[in-house]
Number of protein chains: 2
Amino acid sequence: MGVRKPTLRSVAEAAGVSTATVSYAFSRPDRVSAEARTRVLAVAGELGYAGPDAKGRSLRTGRTGAVGVIFTTGLTYAFTDPYVTAMLAGLAEALEPSRTSLMFIPFGEVSAGMAPDQVRRSVDAVHRAMIDGAVADGLDDDHPAVRVLAERGIPLVRSNETAAGPSVVIDDRQAGRDVGRHLAGLGHRDIVALVATPHEPGRVVEVTEQTPLFPYSRLRLTGLRESLPADTRLRVISGGSNSALAGQVAARAVLRGSERPTAIAADSDVLAAAVAGVARERGLWLGAGLSLTGFDDQPVAAELGLTTVRQPVHRKGFLMGRMLVDPDSERGRITLPTELVVRRSTGPAPSVRLGE
Amino acid sequence: MGVRKPTLRSVAEAAGVSTATVSYAFSRPDRVSAEARTRVLAVAGELGYAGPDAKGRSLRTGRTGAVGVIFTTGLTYAFTDPYVTAMLAGLAEALEPSRTSLMFIPFGEVSAGMAPDQVRRSVDAVHRAMIDGAVADGLDDDHPAVRVLAERGIPLVRSNETAAGPSVVIDDRQAGRDVGRHLAGLGHRDIVALVATPHEPGRVVEVTEQTPLFPYSRLRLTGLRESLPADTRLRVISGGSNSALAGQVAARAVLRGSERPTAIAADSDVLAAAVAGVARERGLWLGAGLSLTGFDDQPVAAELGLTTVRQPVHRKGFLMGRMLVDPDSERGRITLPTELVVRRSTGPAPSVRLGE
DNA sequence: TTGTACGCGTTATCAC
DNA sequence: GTGATAACGCGTACAA
């Protein structure tokens with residue numbers, strides 16, 4: 001006596017109707033007589049049949065009712081990043097009306113010299129994910145995950161400007177220029193750009209041409225460079241992936257010794273907040289001894305009086321979700337506005353530099 | 001000429017082999033000769049076949065490679081709650097080795113008088129979710145989501161003590177007693193317990209016997225009551241679901257006028273942090289004019305010098321995940337320890353009360 | 001309402 | 001050791 005789970009077919013047999021009738025009784029009540037329906041439901045109840053199986057249904061319909069989010073940072077980090085959570089909130093809001101679920105797909109950090117076996121396993125995860133569409137932030141066109149999704153024919157919406165295909169973006173290069181112009185206008189000629197790079201935070205690296213960068217960082221740096229006078233000294237460093245720890249170690253390295261810059265342009269408010277903490281330890285006054293900019297304009301920026309670039313993160317997530325779920329929504333690329341919000345963390349560069 | 005997506009069968013035909021061979025070529029490389037394998041992969045490449053379809057495979061194997069997380073708070077709120085994100089981080093860590101994905105399933109707030117239609121749609125979402133297992137926090141046994149999962153035969157791990165079945169819990173009642181004993185020992189006899197309730201934050205309600213509470217709140221309140229002397233005045237209020245806003249409105253209501261308590265026991269650090277902010281506005285000194293306790297011991301608690309109950313949230317999530325993916329892991333119920341962390345936000349009750 | 005192809009792959013079993 | 005055969009897995013949609 002197999003006590004196997006009841007199926008739609010077994011219910012149909014027990015109720016003496018066709019499988020189609022059972023299916024309709026559950027999924028399209030109006031397509032079946034009330035009488036037949038109650039009978040089917042009664043039998044189903046007796047047998048402990050809970051309704052059409054999700055896997056069978058999705059095979060048949062070709063849809064899964066879920067949208068994937070590809071993470072390249074490890075979910076543990078992702079959930080602590082306010083940029084990410086804000087975007088997810090917007091995404092969730094867009095999906096809620098259609099009751100579409102969200103699926104989180106962790107993909108290791110490829111560029112950080114991931115072992116081939118690791119890549120393979122990550123690719124497999126993307127391959128196996130039961131999703132109707134996907135969103136991702138900062139994946140270049142040649143990223144394995146992007147390739148796999150394309151092969152599978154799964155629509156992908158990204159939020160980086162380097163993406164070919166549907167995307168919701170900001171003008172990162174222009175934002176970089178805005179920051180550079182602001183700092184240059186205040187007289188800063190020795191600047192450190194602090195970016196996040198895809199590796200475990202804790203180790204400080206000097207960023208060179210060869211260093212793998214997130215697409216947005218590259219664009220912002222381009223903008224930054226363009227807008228700085230030729231005699232500006234610009235160093236680019238990273239303490240690892242976007243986190244307080246990365247900001248701390250980087251700030252400690254930079255603010256120690258005589259090579260201290262007059263301004264630090266951080267690539268996120270999270271990094272900037274960490275720098276602010278270290279600056280305070282060192283007795284540096286933001287906007288005086290050290291100027292500091294962030295990015296995103298998360299709540300922490302206002303709290304700290306941080307000059308930063310405001311971008312509509314929540315809206316970004318919302319629009320990405322809409323592109324996937326709403327067939328009537330705008331296609332192609334949507335560019336959202338950014339705005340430099342000047343607060344008290346930036347000020348005139350110290351006018352006299354010793355040792356020059 | 002249908003340009004339909006290639007299937008395993010079409011690849012098999014094109015390569016002149018059986019479907020089994022193609023399947024093995026992708027999923028069990030060792031089960032097929034290297035020669036046949038390369039041929040199959042070559043043909044697959046030509047046809048643009050990306051490998052076995054996830055939906056077909058999952059129907060056949062009965063597995064989806066994902067576990068669900070049931071949310072009753074709206075994803076938008078969830079992502080901003082440090083308790084939730086910490087638990088998710090732990091969960092993600094447990095799932096990562098098996099490359100299991102995480103699926104977020106929003107379920108409206110049932111107890112808050114959800115419309116029947118809403119309930120139905122939420123139930124459907126749980127029904128349709130393609131998951132092998134699920135975790136949930138604070139769902140009672142009679143919650144619709146719990147019922148559906150049981151009917152579907154999907155393993156569920158919860159983190160509330162009221163759960164029958166697998167769970168990872170803390171002793172909430174004991175934690176409540178610890179808080180009560182601490183406050184009573186400091187002489188407090190007029191206490192407000194501030195809890196989260198499942199409704200939109202912003203409106204303050206006095207909690208009565210009939211008010212729907214999260215299971216953990218009920219237990220903590222029981223413990224709190226047990227440990228307070230008989231002459232203690234205890235009021236229980238809520239400003240809505242766990243959030244800064246809920247804490248703010250509740251604190252404003254409570255700290256205004258002559259009915260002000262000498263201590264507030266908040267059910268989370270998030271709520272307590274909000275209370276601390278309002279207290280500061282009112283010129284109340286924590287630990288002197290007003291004593292305040294939190295719950296969870298999130299980083300913010302240490303920052304604010306908040307007396308709170310420490311619970312291993314990350315570990316909770318990790319163990320829940322392990323129970324689902326690791327068949328060798330401990331079954332049944334795991335109880336994790338809590339600890340009252342006394343900081344400067346609690347102090348002796350003002351010795352003389354006016355108006356008594 | 002019902003009969004019945006069809007969606008796509010997996011895996012035990014068998015034959016060489 | 002390799003490859004093929006064929007029986008599933010569960011529901012949906014179209015035609016009758």
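Every value quoted in this text rests on a predicted model; they were computed, and no experiment measured them. The chains referred to below are lettered A, B, ... by the order of the sequence lines, with proteins before strands, and numbering in each begins at 1.
- What separates CZ of Arg57(B) from P of dT10(C) is a distance of 5 Å, to the nearest Å.
- Side-chain contact of Glu151(B) with His127(B): a donor-acceptor pair under 3.5 Å is absent, judged by distance alone.
- Scanning atom types as modelled, one donor and one acceptor separated by under 3.5 angstrom connect the side chain of Arg31(B) and the base of dG3(D).
- Ranked by how close their nearest DNA chain D nucleotide is to the 5' end, Gly56(B) and Val32(B) are led by Val32(B).
- Atom CZ in Arg28(B) sits about 11 Å away from atom P in dT10(C), given to the nearest Å.
- Closest contact between the side chain of Arg60(A) and the listed nucleotides dA4(D), dC10(D), dG7(C) involves dG7(C).
- Take the nearest nucleotide of DNA chain D for Ala20(B) and for Gly51(A): the residue whose nucleotide is more 5' is Ala20(B).
- Rounded to whole Å, atom C1' of dC10(D) lies 12 Å from atom CE of Met130(A).
- Remark: Arg31(A) is not positioned above the aromatic ring of Tyr24(A), lacking an NZ or CZ atom under 6.0 angstrom from the ring centre and at most 45 degrees off the axis.
- Residue-to-nucleotide proximity on DNA chain C shows that, of Tyr24(B) and Ser18(A), the 5′-proximal contact is made by Ser18(A).
- In this model, no donor atom of one side chain and acceptor atom of the other lie less than 3.5 Å apart for Ser23(B) and Arg28(B).
- Taking atom CZ on Arg63(B) and atom P on dG9(C), their separation rounds to 19 Å, with Å as the unit.
- Tested against Ile70(A) for a side-chain contact (heavy atoms from CB on, under 4.5 Å), the candidates Ile105(A), Ile131(A), Val135(A), Val146(A) yield a single pass: Ile105(A).
- Residue Arg9(B) has no polar side-chain atom (N or O) positioned under 4.0 Å from OP1 or OP2 of dG9(C).
- With rounding to whole Å, Leu8(A) atom CG is found 13 Å from dG9(D) atom C1'.
- Taking atom OH on Tyr49(A) and atom P on dG11(D), their separation rounds to 3 Å, with Å as the unit.
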